[in-house]
Structures are given as structure tokens and as C-alpha cells.
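Here's the structure we're looking at; comments come further down.
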Amino acid sequence: SFIRSVIKVIAGLAGLIATGFFVVGGFSYITSSGNPESLDKAKRTIMFSALGLAITIGAFVLSNIVTSLATNSFGS
């Protein structure tokens, strides 16, 4: 129960951080004014924030599965 709560908090914080990077990347993309370097940097920011969010969601789901299996196997 404690570990599940800690994982939820960490996943929530990681989700908020990824959302913040989405906003920063989107703002940079909009304000790049056709500058190829700024446009490429904004695209990389959005891509890496999406990758981080996907990893966070995957880790959250995997940890919930492992916790459920361990609880069912060993009891609480």
C-alpha cells in the first residue's frame, strides 16, 4: 500500500513535468518564426517529452501489475 502510494505520487509528478515540457515545446514551436534551429529544438523537446510520458505511464502500469501479483501471491 505504501509503495503503491509512492509510485502514484512519483508518476503524477513525472506526468506534470512532461506536460510542462509539452507546453514549452509547443510555445517554442509556435514562436520559432521559421528558424530551422529553433524549430528542430522545439520538435525534439516535444518528442522527448512524449517519450518520457510514455515511459512513465508504462512504468506506472507495470508497477501496478507487479504489486497486484505480489499482493495476490503473498497476501497483504
Side-chain angles (χ1 to χ4, degrees):
S1 171
F2 174 72
I3 294 172
R4 187 175 279 185
S5 299
V6 170
I7 291 171
K8 282 184 181 180
V9 169
I10 291 173
L13 289 174
L16 286 174
I17 291 169
T19 303
F21 276 107
F22 268 122
V23 171
V24 168
F27 186 74
S28 297
Y29 188 82
I30 291 170
T31 60
S32 66
S33 301
N35 185 359
E37 291 176 6
S38 297
L39 192 63
D40 188 45
K41 185 178 177 183
K43 285 181 182 179
R44 279 189 280 126
T45 301
I46 292 171
M47 182 184 66
F48 288 138
S49 63
L51 182 64
L53 189 60
I55 290 171
T56 301
I57 291 171
F60 180 71
V61 169
L62 186 64
S63 67
N64 278 339
I65 290 171
V66 169
T67 305
S68 296
L69 290 174
T71 302
N72 289 338
S73 296
F74 302 115
S76 42

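Counting from 1, the numbers follow the sequence of the chain as shown. This structure is a prediction, so every number in the text was calculated from the model and none was measured.
- Sparse packing is recorded around CZ of F21, with 12 or fewer heavy atoms of other residues, nucleotides or ligands lying under 6.0 Å away.
- Expressed to the nearest 0.5 Å, how far CG of L53 lies from CZ of F48 amounts to 15.0 Å.
- Taking CE of M47 as the start and OG1 of T45 as the end, the distance is 9.5 Å to the nearest 0.5 Å.
- Every residue two or more places apart in sequence or in another chain was checked for a side chain to side chain donor-acceptor pair (under 3.5 Å) with N64, and none qualifies.
- When the side chain to side chain donor-acceptor pair (under 3.5 Å) test is applied to S32, no partner is found at least two apart in sequence or on another chain.
- Contact detail for T56 and A11: the closest heavy-atom pair is CG2-O, 3.8 Å.
- With values rounded to the nearest 0.5 angstrom, L62 atom CG is found 9.0 Å from T67 atom OG1.
- Smallest separation of non-hydrogen atoms from S63 and I7: OG-CG2, 3.3 Å.
- Rounding to the nearest 0.5 angstrom, the gap separating the CG atom in L39 from the CD atom in E37 is 11.0 Å.
- No continuous path of hydrophobic side-chain contacts links V9 to I17 [ILVMFWY only; heavy atoms under 4.5 Å].
- Closest heavy-atom contact between G25 and A42: O-CB, 3.6 Å.
- Placement of F2 and V66 in two distinct hydrophobic clusters is found when ILVMFWY residues are connected by side-chain heavy-atom separations under 4.5 Å, directly or transitively.
- Hydrophobic clustering (ILVMFWY, side-chain heavy atoms < 4.5 Å, transitive): V61 and I10 are in distinct clusters.
- Annotation: the span from L69 atom CG to F74 atom CZ amounts to 10.0 Å, rounded to 0.5 Å.
- Within 6.0 Å of atom OH in Y29, 12 or fewer heavy atoms from other residues, nucleotides or ligands are found, so the atom counts as exposed in its surroundings.
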